[in-house]
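Comments concern the structure below.
Quick note: residue numbers are just sequence positions, from 1.
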Amino acid sequence: MTEQRERRTRMTAEERRESILVAAAELFAEVGYLRCKTSAVARKIGVSEPVVFQNFGTKATLFAAVVDRAADHICRMVDRVTSADVPVSGLLKLMLDPEHLQHVHSAGSVGAIFADASTIHDEPEIEAATRRAVRRFAATITGLLDRGRADGELRADLDTEAAAWWLLSLVASQRFRQTTAADPHAIEARLAESILAFLT
C-alpha cells in the first residue's frame with residue numbers, strides 16, 4: 001500500500017524539471033546568478049544537488065533555462081494583452097511609470113533575472129538565452145504597438161519595431177539613470193511623458 005502511494009506521488013521527469021526551474025527562478029531573482037548556489041536550489045525543493053545537475057548539467061544551463069522560461073511567461077502575458085480590448089496607450093503609460101520601472105529591476109522580480117542575465121558575458125548559454133529573450137520581447141512589443149497604431153491610438157507613421165527596441169532600451173537603462181541622475185524619479189517621469197507624447 002505504501003509502495004503504491006509513493007509511486008503515485010513520485011514526480012515525473014517533466015514535473016521534477018519544472019519544480020527545479022520554479023525554485024531556481026525565485027532564488028536567481030532574489031540573489032542573482034553569481035551568489036545563487038545550486039545546492040540552495042536543491043534544498044528549496046527537497047532534493048540532492050546531483051538531481052539539479054542531472055536535469056540541467058551546469059548552473060549556467062539552469063540559469064539559461066530560467067531566462068527562457070521567464071521570457072515565455074512575459075511574452076504570453078503581453079500577447080494576451082495584445083489580443084484583449086485594452087487601450088495600448090494605457091498599457092504604455094503603466095509600463096513607463098517610474099515606480100513600475102523601478103519594480104521591474106528590484107530583487108525578487110522577474111525583471112531582476114533579465115537585468116542580471118544582461119551583465120553576464122562569459123557564459124555562452126546565458127548570452128544566447130538573453131539574446132533570444134530580448135528579441136522575443138522586441139517582437140512581442142512590436143505586435144502590441146502594431147495594434148495601437150491600427151486602432152488609431154498611436155501615431156500613424158510610427159515605426160513600431162524601432163519603437164519596441166527604444167522602449168526595451170529605456171527599460172534596460174533604468175538602473176543607470178537611478179544611479180547617476182541627480183533626481184532619478186523626476187527624470188523618469190519626464191522621460192515617460194516625452195515618450196508617450198512621441199508615440200501618441
Heavy-atom pair with the smallest gap, counting every atom of I120 and E127:
O-CG, 3.5 Å

Using side-chain heavy atoms (C-beta onward) and a distance below 4.5 Å, is F63 in contact with E125?
no

Return the CD1 to CG distance between I195 and L92, rounded to the nearest 0.5 Å.
10.0 Å

Measure the spacing between CZ of R175 and OG1 of T179 and express it to the nearest 0.5 Å.
9.0 Å

Working to the nearest 0.5 angstrom, can you tell me the gap between Y33 OH and I126 CD1?
4.0 Å

With sequence neighbours excluded, tell me which residues meet salt bridge (Lys or Arg N to Asp or Glu O under 4.0 Å) with D85.
none

Is it true that atom CD of E99 has more than 12 heavy atoms of other residues, nucleotides or ligands lying nearer than 6.0 Å?
no

Determine all donor-acceptor pairs shorter than 3.5 Å in which one atom belongs to a side chain in residues 66-75; sequence neighbours excluded.
unit_1 : atom_1 : unit_2 : atom_2 : d
D68    : OD1    : R132   : NE     : 3.2
D68    : OD1    : R132   : NH2    : 3.2
D68    : OD2    : R132   : NH2    : 2.8
R69    : NE     : E18    : OE2    : 3.0
R69    : NH2    : E18    : OE2    : 2.7
D72    : OD1    : R136   : NH1    : 2.4
D72    : OD1    : R136   : NH2    : 3.0

Give a yes or no on whether R155 atom CZ has more than 12 heavy-atom contacts from other residues, nucleotides or ligands under 6.0 Å away.
yes

Can you find a pair of side-chain heavy atoms, one from V31 and one from K37, that are under 4.5 Å apart?
no

Are the side chains of L170 and R177 in touch, meaning some heavy atoms are under 4.5 Å apart?
yes

Answer yes or no: is there an ion pair linking R149 with D146, defined by an N-O contact shorter than 4.0 Å?
yes

Residues forming a side-chain hydrogen bond (donor to acceptor under 3.5 Å, both in side chains) with T119, sequence neighbours excluded
none

